[in-house]
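Taking it in order: structure first as structure tokens, then the write-up.
In each ligand, atom 1 is the first atom listed, and ligand 1 is the first ligand listed. Predicted model only: the values in this text are computed from it and were never measured.
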Amino acid sequence: GKVRAPTHIISTISDDRGEEPCYAGVPMSSIIEQGLGVGDVISLLWFKRSLPHYCTKFIEICIMLCADHGPCVSGAHNTIVTARAGKDLVSCLVSGLLTIGPRFGGAIDDAARYFKDAYDRGLTPYEFVESMKKKGIRVPGIGHRIKRGDNRDKRVELLQLFARTNFPSVKYMEYAVQVETYTLSKANNLVLNVDGAIGSLFLDLLAGSGMFTKPEIDEIVGIGYLNGLFVLARSIGLIGHTFDQKRLKQPLYRHPWEDVLYTK
Ligand code: ACO
Ligand code: LMR
């Protein structure tokens, strides 16, 4: 019989050996003929299945809403400084991407983990928030440097509107909103932020679409797929900031002395 030579790599998401590349078994020509979009490509390459249109539209809305948030945020700032140091596009991009993490843009997975655990265990928002406080952990998905209870994040409102209109259930998002109501009673900056909105709504997408088994949902949340949405989205803006600085021929950046507290 045939003897299968051992391989060094296993891959399950795409195949380029035939006449045309296939994403999760779907030929490129079919993707183009059906007029599918980047949300569909993400669903094939990340989740290995075709998701219903409202899910792929939601993914695309996340990408559009998170593509940029001005020059002052951590990622754009790093990218701008790097571009002004004369570095190449990839260096500018990665220097911005490297700031994405638990405080900035990379709280989506943890928001999904903590909201899911708290909701599934039936914790009230009070019990959840206070238990996090006891553990000394900031609630991921809550808090913002400039957004406030009386100056909400429009991106969060847009995501919520889309989900309330199109998702079969938004139970995790409604739980996150209840958490926000409680945290806002403590301080005005403790709003549900865009990471928390995406994290809770992606739980609703995974649980409500009927496309994922419980173990698959646990695996997606456990591995941490969702920060990938912010990384992908913000790359668009960071690339834009790189081109902007180069177009403007901005000189080497040096931070002003006056803005540093030199002290012993
Ligand atoms: N949960 C509980 N308490 C909080 C939280 C939170 N998420 N955020 C702030 N606080 C409270 C704490 O008491 C904090 O005091 P501490 O430093 O002793 O912990 C106090 O508010 C002071 O916080 P601020 O100075 O107002 O917060 P800051 O502006 O430094 O931080 C930040 C903003 C980083 C977003 C913060 O709220 C946080 O860590 N949130 C959780 C992570 C998160 O969701 N990040 C994503 C933000 S959205 C984005 O980047 C796209
Ligand atoms: C962002 O999308 O970059 C932000 O929400 C962070 C910020 O401080 O604006």
Any donor and acceptor pair, going by atom type alone, linking the side chain of [X] with main-chain N or O of [Y] inside 3.5 Å?
X     : Y     : result
Glu60 : Gly39 : yes
Arg17 : Asp15 : no
Thr99 : Ser95 : no
Glu20 : Ser29 : yes
Ser91 : Lys87 : no
Ser30 : Val26 : no

Measure from [atom] to the protein's non-hydrogen atoms and state whether any distance is below 4.0 Å.
atom                    : answer
atom 17 (O) of ligand 1 : yes
atom 25 (O) of ligand 1 : no
atom 5 (C) of ligand 1  : yes
atom 45 (N) of ligand 1 : yes

Test Phe162 against Tyr54 for ring pair (Phe, Tyr, Trp, His ring centres under 6.0 Å), laying out the working first. CA-CA 9 Å; Phe162 179 84; Tyr54 78 87; 7.6 Å; no
Residue [X] vicinity, atoms of ligand 1 by number, heavy atom under 4.0 Å:
X      : value
Asn189 : 24 (P), 26 (O)
Phe230 : 51 (C)
Val139 : 1 (N), 2 (C), 6 (C), 7 (N), 41 (C)
Val194 : 51 (C)
Leu190 : 4 (C), 5 (C), 8 (N), 9 (C), 10 (N)
Phe104 : 50 (O)
Gly143 : 35 (C), 37 (O)
Gly105 : 49 (C), 50 (O), 51 (C)

Any nitrogen or oxygen of [X] lying under 3.5 Å from a nitrogen or oxygen in ligand 1? Just yes or no.
X      : result
Arg103 : yes
Ile142 : yes
Gly141 : yes
Asn193 : yes

Hydrophobic clustering (ILVMFWY, side-chain heavy atoms < 4.5 Å, transitive) - are Ile223 and Phe47 grouped together?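 Same hydrophobic cluster.
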From the options His69, Arg234, Lys186, Arg138, select the one whose nearest heavy atom is closest to atom 34 (C) of ligand 1.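 Looking at heavy atoms only, the winner is Arg138.
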Among protein heavy atoms, which lies nearest atom 28 (P) of ligand 1, and at what distance?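 So the nearest neighbour among protein heavy atoms is Arg145 CD, 3.5 Å.
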Within reach of ligand 1, part of Val73 (heavy-atom separation under 4.0 Å):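 Answer for Val73: neither.
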For ligand 1, does Pro102 get within less than 4.0 Å through its side chain, its backbone, both, or neither, judged by non-hydrogen atoms?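 Pro102 to ligand 1: backbone contact only, side chain stays beyond 4.0 Å.
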Which of parallel (below 30°), tilted (30 to 60°) and perpendicular (above 60°) describes His77 and Tyr253? perpendicular
Where does the angle between the aromatic ring planes of Tyr119 and Tyr175 fall among parallel (under 30°), tilted (30 to 60°) and perpendicular (over 60°)? perpendicular
Got a sec, which hydrophobics cluster with Leu248, joining ILVMFWY side chains under 4.5 Å apart, including via others? none
Between Tyr126 and Tyr182, is the ring centre distance below 6.0 Å? yes
Check Arg234 against Val73 and note the closest heavy-atom contact, atom names and distance.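 Closest heavy-atom pair between Arg234 and Val73: NH1-CG2, 3.7 Å.
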Output the distance between atom CG (Asp109) and atom OH (Tyr225), rounded to the nearest 0.5 Å. 11.0 Å
Spatial distance of atom CD1 (Ile13) from atom CG (Leu44) [nearest 0.5 Å]: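 Here the interatomic distance stands at 10.0 Å.
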With a 4.0 Å heavy-atom cut-off, what residues sit around ligand 2? His69, Val73, Phe104, His144, Arg155, Arg234
Chi angles and distances behind the side chain to side chain donor-acceptor pair (under 3.5 Å) call for His241, Asp68: CA-CA 9 Å; His241 283 291; Asp68 198 43; 3.0 Å; yes
